[in-house]
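Just so it is clear: chains get the letters A, B, ... in the order the sequence lines come, proteins before strands, and each one is counted from 1.
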Amino acid sequence: MSLRRFLAILRKEFRHIFRDLRLLFLVTVSPALLLFLLSHIFIMDVQQIELAVWDLDQSSLSRRYITFITSDGEFHIRGEVHSYAELDARMRAGQLDCVLVIPKGFARQMERGEPASVEAVVDGSDPIAAIQAVSSLSQRATAFTAPGSAAPFVPVLVEVHSQAWYNPALKSMVSMVPGLVAVVLCMPALALALALTREKEIGSLESLLATPVQGAEYLLGKLGAYLSCGLLGVLPVWLVAVLYFRVPFEGNFALYLLLSGLYFLAEMGFSIIIANFARNQQTAMLLVLILFFVPSFFVAGLVLPVDTHSLFSLLVAYALPATHFIAISRGVFLKGVGFPQLQTPILLLLSMGVVGILGGLLLFRKRMEY
Amino acid sequence: MAIRIGNLVWKELLQLARDWLLTAFLFILPLLQLILLARATGRGIKEEPVIVLDRDRSAVVRQLALRLDNREELAIREWVDSEEVLTDRLERGMARVGIIFPPGFAEDLAHPTRTATVQVIVDGSSDTAASIALSAVQTVFADYTRARLREVGISPDPLVDLRIVTYYNPAYDVRKFAIPAQVGFITYQITLVIASLGLARERELGTLEALIVAPLGRTEIVLGKAIPAFLIGMLNFLFLLAVALFVFHVPLRGSFLLLLALTVPFLLAEISWGVIISSVSRTQQQAILFVFMLALTDLTFSGYLVPVKNLSLVLQWVARLVPMYHYLTVIRAILLKGATLTDLWPHALALVLLASVITVIAVRRVSRRLE
């Protein structure tokens, strides 16, 4: 391992990246662009629930009930239905999330002081939206009082003072943007995997191997170039998050940059191993997409927390660098924490990086001996 | 002409078969991905860790803690002694909810005029989990209040009793919602990758020129690349659908033939996108990174994660231009809801129109490039 040869490879790689404008864009600017794009779409704060009514009672009280439930705009009234067949058809076509069925005799029962019952049919095919619709409906339904009769006197026994730390308004943007940073920052690692397989595919690796350059110098040179370009890309990502989305940044930027570097290291360790097995860029691409990128949306705790219930999901989640970086990113951005609180994810990322790179070197040396 | 295209398709398939690793990936990786995602997709928010700081040390607190622990969404993880420890656990992400019972809680609760208070802190850094956990905590306290009131003979029931009837997925199983979309997305991904690399690869390796000078028309070259991609996409789709139905027990309530028929324009649109990418990129690396960007954009506009109706109006219109949005709507509706063509015709029409437009653009673009 000679420093001079390592630097030569590093210089060659930088020249490759900076010469190819599209590649430069994809390694350094595209994460920020992707964050901008993705975050816009992840803002789940405003949820509209499409509601239709089937009013069999047709009384002034039933109309009052409907107005009461829909007055604050969370429900979007989508007209009326007049049969279960019509209800089913419109739900199948995806036009309705729920239907309120008010039975005949609703007003009469309430006037007699008996509790009336109302049916709410909910489209459960999207469970997250369905749960939200059910809870919104129930809240309003409980609060409804008939005119004239006083609200049932319910004394408050326990007053719950609730507060949400780190994100007081519980805005989804505040929690999604720092998490999405982990997803978009896998672009440099993808580019590295492709760069490594490319040399193999085009055949330029053989001419490199004929020079005195050793495997370690070659791999570390490539890694160094893509890692530093990746770090260059962290700044625009951070600017988009802080200036455009106005996500509070409570932590230390130098620490954040350092930990992003650690995340790149862990991901690039995987990239080197993948590049060892993949014979061409197509394969490398598929492997990166399937092993990292798509799972990081679903199992890494981005939208729903990591499922600690099944061992399998837990193992998959822990094996993904993104899981740990999502925790780190949210910790530094929102909680303003540092090393002591983040030591578990930091150590895991570090060990992944070290194991990945050593493994990659070992595999590479073995292949060169052929 | 048919023979020449057939030969070209055969060449492509031979080339694929020679690269056994790639071939294996084309069929095994999608399957692995589906199984992995399906098994790893959480079934919703369950057992979020709760820590309790009990300054009252009364029987009531323990009773309430048991009620909290019994909720599906919550699990008592730890009893802490001080606010510092509570803060530390929240900072480390070891707890989602911290509940502080002040001294004298039980006394206030038993007192006829005083109101007991309890402080609930949630970690808002993961907003969905935080709001679901918070509402579970609130429900526990409300239920407790109601139970206590009933004991003393006050009826706390609301005036209107709301009965919830849930269609299609009464257990609120997130997997039933996620798996059909995953079948669609994985098929998309494979088809797009194969189609987009075809021409870029030939160009990079210098074999494209040989193809151009061969007695082949441009349409034939494009078709020769498109047909293998279509075959592989279709095979993968059938395979993944079978796994979804028979291994993960996703219901097929609608018509299989309708689903199959609508998969054709979807694949066609994605192949054409791939061909367009292939024609603008000089190297495979560029093509791949473009595919990546396109896949990300499609993923976000497709309703895969976030329902399209939650987007702003402008973005909703953008989503209508994304074939995957229509396809995911179609596959979910056919599988879970048993939707028919009468229910889905707007999406079906959109798929066919988008596929034709993108294909025309692709063919024109490539013919110009190849000259």
Any donor-acceptor pair under 3.5 Å from B/Lys176 side chain to A/Gly124 backbone
no
What part of A/Leu87 gets closer than 4.5 Å to chain B, counting heavy atoms only: side chain, backbone, both or neither?
side chain
Which atoms of A/Leu34 are under 4.5 Å from chain B, going by heavy atoms: the side chain, the backbone, both sets, or neither?
side chain
Taking side chain as everything from C-beta outward and backbone as N, CA, C, O, which of these in A/Pro168 sits under 4.5 Å from a heavy atom of chain B? Side chain, backbone, both or neither.
neither
Check each atom of A/Ala284 against the heavy atoms of chain B and say whether the ones under 4.5 Å are side chain, backbone, both or neither.
neither
Applying a strict 4.5 Å limit to non-hydrogen atoms, the region of A/Leu33 in contact with chain B is side chain
Of the backbone (N, CA, C, O) and the side chain (C-beta and beyond), which part of A/Ile326 lies under 4.5 Å from a heavy atom of chain B, both, or neither?
neither
A/Ser175 side-chain N/O to B/Asp127 backbone N/O, donor-acceptor pair under 3.5 Å:
yes
Mind running side chain to side chain contact (heavy atoms under 4.5 Å, CB included) on B/Asp123 and A/Lys335 for me, showing each step along the way?
CA-CA 9 Å; B/Asp123 171 1; A/Lys335 303 183 182 176; 3.1 Å; yes
Taking only residues two or more places apart in sequence or in another chain, which ones pass side chain to side chain donor-acceptor pair (under 3.5 Å) with A/Asp20?
B/Gln286
Who among A/Leu287, A/Thr197, A/Leu100 has the most heavy-atom pairs with chain B under 4.5 Å?
A/Leu287
Just one of A/Arg90, A/Arg92, A/Met91 clears the side chain to side chain contact (heavy atoms under 4.5 Å, CB included) bar with B/Asp343, so which one?
A/Arg92
Restricting to non-hydrogen atoms, name the atom on A/Gly94 and the atom on B/Lys337 that form the minimum distance, rounded to 0.1 Å.
CA-NZ, 4.0 Å
Using a cut-off of under 4.5 Å on heavy-atom pairs, state which of A/Leu334, A/Asp88, A/Asp126 scores highest against chain B.
A/Asp126
Quick check on A/Val121 against chain B: is it the side chain, the backbone, both or neither that has a heavy atom closer than 4.5 Å?
both
With a 4.5 angstrom heavy-atom cut-off, is it the side chain or the backbone of A/Gln95 that approaches chain B, or both, or neither?
neither
